[in-house]
Amino acid sequence: MVLRRLGVNVDHVATMRQSRRTLYPDPVTAAALCELAGADQITVHLREDRRHIQERDVRILRQTVATSLNLEMAATQEMLKICYDVKPDIATLVPERREELTTEGGLDVQHQRDALKKFVASLKDADIEVSLFIDPDLDQVRAAHRVEAEAIEIHTGKFCEARGAAERAAELQRIADAALTAHKLGMRVAAGHGLNYHNVSELLTIEPVTEYNIGHSIIAQAIFVGLPAAVTEMKRLLNP
Ligand code: PXP
């Protein structure tokens, strides 16, 4: 059986650093520890407002990450330039609003198909794999395929926040339907947002999801047990 991949999002380490404008804790150090503990990918979101990850982090991570560097970014010309320069392994396009606490919803691919198709092509020309962060919605999955993205990341936020068994089961089904459709269309399928040590196992029945990008819960757990133990435990849950 193919092992499920774990991408660790180290933005939250940078959030702590930026809260005091110190040099520590360094997300580059965190990334190295995550890889040593079995992470298959390092994920960072370089936001327009630079609230956590800085350009310096992305540039150094490009030199140090030995697995795969997944850069989450808005589809802007500024980010395209940085991508051409840094060459992450994967660019995951996400919607971005300045006032949000974190990425709140998926990308509306359907309503910006022409612009996104061009943007995706520009990244692919530079040999960067493109993934689109979308809600578990079949129209968005089909639109992602039409703009020729190679992968999607399904937003699991609603599933994680669902109250009660019925709502939870309905959200899980939406993720399963989206994942299967994307898989049949030939796209690689990742999932992420809001996943933690208690809810991640429920998703494992959805076979087409081969990669999980998880940040907040792992960094939070690391405060108490250390980063290597936090990563090892999540990897174990993903591959029981
Ligand atoms: N995937 C994407 C596209 C994200 O925007 C985020 C949040 O930065 C994550 C995964 C990780 O989410 P969390 O920090 O809730 O695990």
Side-chain angles (χ1 to χ4, degrees), residues 4-16 18 27 30-31 34 39-54 57-58 61 68-75 79 88-109 116 129-137 140-141 144 149-162 171 175 178-179 182 187-203 209-223 227 230-231 233-235 237-238:
R4 296 181 189 91
R5 287 162 46 79
L6 171 62
V8 181
N9 181 317
V10 295
D11 293 355
H12 304 283
V13 176
T15 298
M16 174 166 275
Q18 294 312 111
C34 289
D40 303 286
Q41 172 162 283
I42 300 301
T43 298
V44 287
H45 185 176
L46 184 63
R47 295 185 76 102
E48 186 200 5
D49 63 11
R50 306 291 195 266
R51 68 172 73 158
H52 38 55
I53 291 293
Q54 307 297 307
D57 302 328
V58 182
L61 284 169
S68 162
L69 179 63
N70 175 23
L71 180 60
E72 294 175 359
M73 54 183 252
M79 286 307 305
D89 298 285
I90 304 173
T92 299
L93 305 185
V94 302
E96 219 176 85
R97 288 196 304 119
R98 267 187 179 253
E99 61 276 20
E100 67 192 357
L101 278 180
T102 178
T103 315
E104 284 167 357
L107 198 63
D108 186 356
V109 187
L116 277 174
E129 181 183 341
V130 186
S131 178
L132 303 182
F133 185 54
I134 57 173
D135 289 327
D137 175 312
Q140 296 293 349
V141 173
E150 292 144 309
I152 59 164
E153 179 172 332
I154 299 175
H155 193 320
T156 50
K158 279 211 175 120
F159 160 74
C160 297
E161 284 161 20
E171 284 305 324
I175 296 170
M187 291 185 284
R188 201 170 61 75
V189 186
H193 211 286
L195 297 173
N196 61 38
Y197 295 85
H198 305 290
N199 61 23
V200 76
S201 299
E202 275 183 75
L203 289 178
V209 179
T210 52
E211 178 186 301
Y212 290 81
N213 285 300
I214 306 178
H216 187 263
S217 62
I218 292 178
I219 304 305
Q221 181 94 333
I223 293 173
L227 195 48
V231 171
E233 174 62 3
M234 189 58 86
K235 190 89 196 269
L237 287 176
L238 288 181

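Counting starts at 1 for both ligands and their atoms, following the listed order.
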**Prompt:** So, are Lys158 and Asp135 salt-bridged, with charged N and O less than 4.0 Å apart?
**Reply:** no

**Asked** Can you tell me if Ser217 has a non-hydrogen atom under 4.0 Å from ligand 1?
**Response** no

**Request:** Anything under 30° is parallel, anything over 60° is perpendicular, the rest tilted; go ahead and classify His216 against His12.
**Result:** perpendicular

**Complete:** Per side chain to side chain contact (heavy atoms under 4.5 Å, CB included), Val189 is matched among Ile175, Thr210, Ile154 by Ile154

**Prompt:** With a 4.0 Å cut-off on heavy atoms, is His155 touching ligand 1?
**Reply:** no

**Complete:** Closest non-hydrogen contact found for Leu69 with Val58 is CD2-O, 4.2 Å

**Asked** Can Glu153 and His193 be counted as having a side-chain donor-acceptor contact under 3.5 angstrom?
**Response** no

**Item:** For Val94, the ligand 1 atoms whose distance to one of its heavy atoms is below 4.0 Å
**Value:** 3 (C)

**Message:** Quick one: does any side-chain atom of Gln54 pair with a main-chain N or O of His52 as donor and acceptor, under 3.5 Å?
**Reply:** yes

**Request:** Output yes when the distance from some N or O of ligand 1 to some N or O of Gly194 is under 3.5 Å, and no in every other case.
**Result:** yes

**Request:** May I ask whether His193 has any heavy atom positioned less than 4.0 angstrom from an atom of ligand 1?
**Result:** yes

**Prompt:** Under a 4.0 Å heavy-atom limit, does Glu153 contact ligand 1 with its side chain, its backbone, both, or neither?
**Reply:** side chain

**Asked** Numbering the atoms of ligand 1 from 1, which are under 4.0 Å from a heavy atom of His216?
**Response** 13 (P), 14 (O), 16 (O)

**Residue of the set Thr43, Asn9, Asp89 for which side-chain hydrogen bond (donor to acceptor under 3.5 Å, both in side chains) holds with Asn70** = Thr43

**Contact atoms of ligand 1, heavy-atom distance to Ile214 under 4.0 Å** = 16 (O)

**Prompt:** Looking at ligand 1, does any of its N/O atoms fall within less than 3.5 Å of an N/O of Gly192?
**Reply:** no

**Fill in**
ligand 1 to Asn213, heavy atom cutoff 4.0 Å, flagged ligand atoms 10 (C), 11 (C)

